[in-house]
Amino acid sequence: MSDTLVPAPKLVAGLADVPVVASSVSYIDGNKGILEYRGFPIETLAARSTFEETCWLLLYGKLPTRAEFDGFKKRLAEQRELPARMIDMLRALPGAGHPMHALQASISALGMFSRKKDIHNPDDVQDACLRIIAATPVLVAAFDRLRSGKDYVAPDPTLDTAANFLYMLTGAKPDDFAARVLDVALVLHAEHTMNASTFAARVVASTEADPYTVCSSAVGALTGPLHGGANERVLEVLKDIGSPDKVEPWVEAQLKAKGKVMGFGHRVYKVKDPRALILQDLAKKLFERLGSTPIYDVAVELERQVEKRLGQRGIYPNVDFFSGIVYAKLGIATDLFTPVFAISRVAGYCAHWMEQMVGNKIFRPDQIYTGGHQREYVDISLR
Ligand SMILES: CC(C)(COP(=O)(O)OP(=O)(O)OC[C@H]1O[C@@H](n2cnc3c(N)ncnc32)[C@H](O)[C@@H]1OP(=O)(O)O)[C@@H](O)C(=O)NCCC(=O)NCCS
């Protein structure tokens with residue numbers, strides 16, 4: 001009797017193009033540069049919606065009525081308050097540590113203060129999502145102030161998420177334009193299909209872990225420079241280059257050394273990231289209003305030079321290229337750029353967590369074993 005031939009499983013590096021879930025949260029067409037949240041084009045949401053409304057849309061799949069929206073905003077404002085011991089914990093963390101690590105630890109700790117996290121109880125589910133979306137910006141702003149020896153600024157319930165975040169960072173109410181710019185940036189970062197951190201969220205969610213654990217795990221995945229961490233690196237590069245005339249030789253040297261240019265390229269987009277287009281326009285308006293800086297001029301030239309060399313390979317600016325420039329102009333510290341990404345993306349993680357809970361099956365993929373078999377164990381005295 002002959003052995004049945006079983007085809008060897010094929011390894012797809014990085015699971016590129018392999019569907020791992022069915023989802024109605026967001027949609028991307030990378031060749032056409034389309035991004036939609038729950039079927040709404042990102043351009044429409046950036047122009048007409050707000051971060052809070054976008055959170056509702058992501059969580060519940062439809063736009064809220066006025067009454068639903070007002071109630072949601074009120075609950076978000078209430079849920080911003082942190083327990084005093086949470087603030088003590090943030091104060092105790094090493095100030096020289098990265099704010100993303102502080103955020104990952106503090107979202108996890110926030111869950112320890114919550115008794116409402118039974119994933120089978122619909123009230124707890126709503127409560128946990130609201131709490132995480134409301135408290136994440138507060139945790140980031142609080143850590144930033146405490147690490148530099150400043151007093152904690154309590155959240156202002158009359159302000160929306162973006163304005164309140166800027167207020168908590170500085171202790172001064174931001175102007176409407178600055179708050180709106182940040183609000184749009186939050187809308188743009190709230191969700192992006194099956195990226196690495198959202199996938200991490202869904203894997204952890206599939207174990208029936210609570211949403212605080214799900215979000216803190218996803219925030220950990222977001223720290224990496226190939227994912228959320230790229231926006232920090234972009235600003236460092238722009239500062240290092242220093243002036244537009246130094247861009248061309250810098251790009252030549254970088255590409256010759258087979259180095260990557262941070263803020264360019266995307267696994268899915270083969271045209272310019274639609275979020276980058278919106279942020280670029282915002283950056284232009286912001287710099288026109290508040291005055292240009294060498295960093296902006298270097299960025300414009302860097303985009304030109306990289307597109308000239310890599311555009312034909314489908315490598316264009318991604319969302320991280322312009323977000324750092326915008327945040328720096330808003331006075332946000334460089335190491336807070338990825339936490340600002342997280343402030344927004346927790347809305348997407350929560351929407352995916354809720355979706356994962358419907359007909360959940362724990363993730364347990366396969367592997368291709370490349371090691372040996374039946375090896376001889378040699379006693380330690382003879383090795
Ligand atoms: C986002 C990213 C990880 C996508 O990765 P990917 O789809 O796996 O593509 P790869 O990293 O395999 O790159 C494919 C090719 O394009 C090149 N490439 C991709 N992004 C590049 C970049 N930013 N600068 C220069 N070359 C780049 C790679 O060197 C590689 O070239 P090769 O085929 O000659 O080896 C990648 O583009 C990248 O590292 N970008 C910089 C980091 C960044 O901005 N991340 C934020 C993403 S929103």
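Whatever order the structure lists them in is the order used to number ligands and atoms, beginning at 1. These numbers were taken from a predicted model, which means no experiment stands behind them.
- Counting heavy-atom neighbours within 6.0 Å of Lys62 NZ, excluding the residue itself, gives a total above 12.
- Taking the ring-ring contact (aromatic ring centres under 6.0 Å, His included) definition, one finds that Tyr316 meets it with nothing, sequence neighbours left out.
- Residues Val247 and Arg304 form no side-chain contact, since every pair of their non-hydrogen atoms from C-beta on lies 4.5 Å or further apart.
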Could you pull out every N or O of ligand 1 that sits under 3.5 Å from a protein N or O, with the distance for each pair?
from, atom 1, to, atom 2, distance (Å)
ligand 1, 7 (O), Arg267, NE, 3.0
ligand 1, 8 (O), Arg267, NE, 3.4
ligand 1, 8 (O), Arg267, NH2, 2.9
ligand 1, 11 (O), Lys260, NZ, 2.5
ligand 1, 23 (N), Val261, O, 2.7
ligand 1, 23 (N), Phe264, O, 2.7
ligand 1, 24 (N), Val261, N, 2.9
ligand 1, 31 (O), Arg313, NH2, 3.0
ligand 1, 33 (O), Arg313, NH2, 3.4
ligand 1, 34 (O), Arg313, NH2, 3.4
ligand 1, 39 (O), Lys260, NZ, 3.0
ligand 1, 40 (N), Phe264, O, 2.9
ligand 1, 44 (O), Gly263, N, 2.8
ligand 1, 44 (O), Asn318, ND2, 3.0
ligand 1, 45 (N), Leu226, O, 3.4

#### Entry: Tyr269 and His192: CA distance, side-chain angles, deciding distance, ring-ring contact (aromatic ring centres under 6.0 Å, His included) verdict
CA-CA 11 Å; Tyr269 293 117; His192 210 230; 5.4 Å; yes
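- Side-chain contact check for Tyr327 and Glu232: no donor-acceptor pair (N or O, by modelled atom type) lies under 3.5 Å.
- At a cut-off of 3.5 Å, with distance as the only test, no side-chain donor of His98 or Thr223 sits close to an acceptor on the other residue.
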